[in-house]
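Here's the structure, in structure tokens; my notes come after.
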Amino acid sequence: MKMKITTILLGLALLLCGNVNLQAQNGSNSKPKDMYEFGVSGGYLFVAGEIDPEFGYAYGLHLRKATDYLFSLRLDLMMGKANGMGKDGSDAWDFETNYTSAAVLGVFSLNSVRLDRPKKKVNLYAMIGGGVNFFEVLEYNTPGNIAGIPRTGSIASEVSPHATVGAGVSFRLSNKINVGFEHQSSGLFGNRSDLLDGLNKEGSQGSKSIAGDILNFTSLQMNFNLGNPASRSEPLYWGSLGEDIMKNIDDVKKRQDVALADTDQDGVIDAIDQEPNTPADVPVDTKGRTLDSDKDGVADYKDLEPYYPPRAGERVNEDGVVINPIAAPGGGVTEERVQEMIDEALSQYGLTEPKNNVAEWFLPMIHFGTDNYTVKYSDYGTLASLARMLKANPDMRLVITGFTDKTGPEAYNSNLSYQRADAVAKHLMNQHGIGRSRLVLQYKGQQDALVPSTSSYMNRRVEFRVASPTDVEMDRPTGLKPGNSDGY
């Protein structure tokens, strides 16, 4: 008989493990891989029947695996002995019964729905299931005055099905160990359902009763989590739905932070930045590379003449200034040299416009600090190059357009973008003698952002282009004065 119980137990274990492996093969990522729980228990075993129970004992083993945060499957094996004495005030009734069972239980965690607690210290649960058992009444004694019932006797063992319900509470000691207190009640099916104490309600052995004996097992448990903590979490019933939700939210935030990271703060995210360590506030192209507009080998932020490419035979120093200029007839920069510079700029950007059309010539831009319109010293060289171009082309007008980032109110940003354009115009007038009539001021506030980021350095800029006959200056905006304005 014990061999039968062992065979049944192994079969149920294989069924349980097979179900878990099938879930793993399906590749579900909705929950983490967690450990199994192996438990040992011992406690009080008694029969609620016709004869008053006395002290009995039992011990058990179980293997438990969570399917999710609320439900788990448990395989139980229990063995013990129950005793009883006394009936209707008489001590003449007694029995002694051996009991062995195997069962599969569905266990429901009752406190796993909290979203604000990632881990629990106490786990409340209820369970229901069924299995098979065999019991053997080793000896029973009766007063001997009941017709058809021997005064003493025994009932041979036989396999019977049963149903079990129960509840318990366990306390987490560590990520590997917990202790618990639990009670189970089992009712048998069939003709033997009322014979656990050797006597049925009709007063004879072997007949089927309406309500059978109930076997009860109250136990203390010591439970161990099986698995490598480095690769598996604690059983899911020690966690909560909130733990998985918060973990997924954190993962999304981390991926977003990585995807949008801009380590050098140049306005180009690291994912496409080909120079992720450029110095602060250095102009870069759309791939994050330090700009060298005149291709003289000196980066724009170091070049005092960043838009003055050297001609054949000319050399530049570490500041990007030509040290052996080839003089043009009559001195200064000739119209041919300006046209040559334009052609070189157009060829670098693959443009095919007519060579005498300077309206689409690529001109530089300069950048500003947050809520600020003071021209930086590092941009003086850029503005000097623009002034040189204007002086070489006395009929040319220049459109100066201010922009801001997307922080702050729109009206405020319109004022700030105007003040940036105005500050550049004043610099060209005061430092280089450019006439005010040749400068066309425009502003766009936070419109036409170069970078989607709300506060990107790349959006705080002033752009330049050669004015067309139809370009007119925009009226000065009204409203609050921005940043370090000395205006209105």
| request: Mark yes when over 12 heavy atoms from residues, nucleotides or ligands other than Y59 sit less than 6.0 Å from its OH; otherwise mark no. | output: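 Atom OH in Y59 is not crowded, with 12 or fewer foreign heavy atoms closer than 6.0 Å.
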
| message | Please check if the number of heavy atoms outside Y44 that lie under 6.0 Å from its OH is greater than 12. | response |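 Counting other residues, nucleotides and ligands, OH of Y44 exceeds 12 neighbours.
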
| request: Establish, yes or no, whether the cationic atom of K65 lies under 6.0 Å from the six-membered ring centre of Y36 and within 45° of the ring axis. | output: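 Yes; both conditions hold, so K65 lies above the ring face of Y36.
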
| said: Exactly one of K444, R420, H367 should register a side-chain contact (heavy atoms from CB on, under 4.5 Å) with F403. Which one does? | reply: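 Considering K444, R420, H367, a side-chain contact (heavy atoms from CB on, under 4.5 Å) with F403 is found only for K444.
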
| field | Side-chain ion pair, R461 and E463, N-O less than 4.0 Å | value |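 Answer for the salt bridge query: yes.
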
| said: I'd like to know if D76 pairs up with R74 as an ion pair, taking the criterion as any Lys NZ or Arg NE/NH1/NH2 lying under 4.0 Å from an Asp or Glu carboxylate oxygen. | reply: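 Salt bridge flag = yes for R74 with D76.
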
| Under 3.5 Å, is there a donor-acceptor pair between the side chain of R232 and the main chain of D34? |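 Side chain of R232 to backbone of D34: a pair is present.
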
| message | Just to verify, what does K81 make a salt bridge (charged side-chain N to carboxylate O under 4.0 Å, His left out) with, not counting sequence neighbours? | response |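 Per chain and number, K81 pairs via salt bridge (charged side-chain N to carboxylate O under 4.0 Å, His left out) with E96.
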
Spacing of [atom1] belonging to [X] relative to [atom2] belonging to [Y], to within rounding of 0.5 Å:
| X | Y | atom1 | atom2 | answer |
| --- | --- | --- | --- | --- |
| D213 | F135 | CG | CZ | 8.0 Å |
| M365 | D379 | CE | CG | 11.5 Å |
| N111 | L70 | CG | CG | 10.0 Å |
| Y237 | T67 | OH | OG1 | 11.0 Å |
| N216 | S185 | CG | OG | 4.0 Å |

| For the residue pair Y418 and Y443, does the interplanar ring angle fall in the parallel (under 30°), tilted (30 to 60°) or perpendicular (over 60°) class? |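 Perpendicular, since the angle between the ring planes exceeds 60°.
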
| task | Can you see which heavy atom on N178 is nearest to which on S170, and at what distance? | result |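 Smallest heavy-atom distance, with atoms named: OD1-CB, 3.6 Å.
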
| query | Picking from R172, K176, K120, what satisfies side chain to side chain donor-acceptor pair (under 3.5 Å) with E234? | reply |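 Single pass found, and it is R172.
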
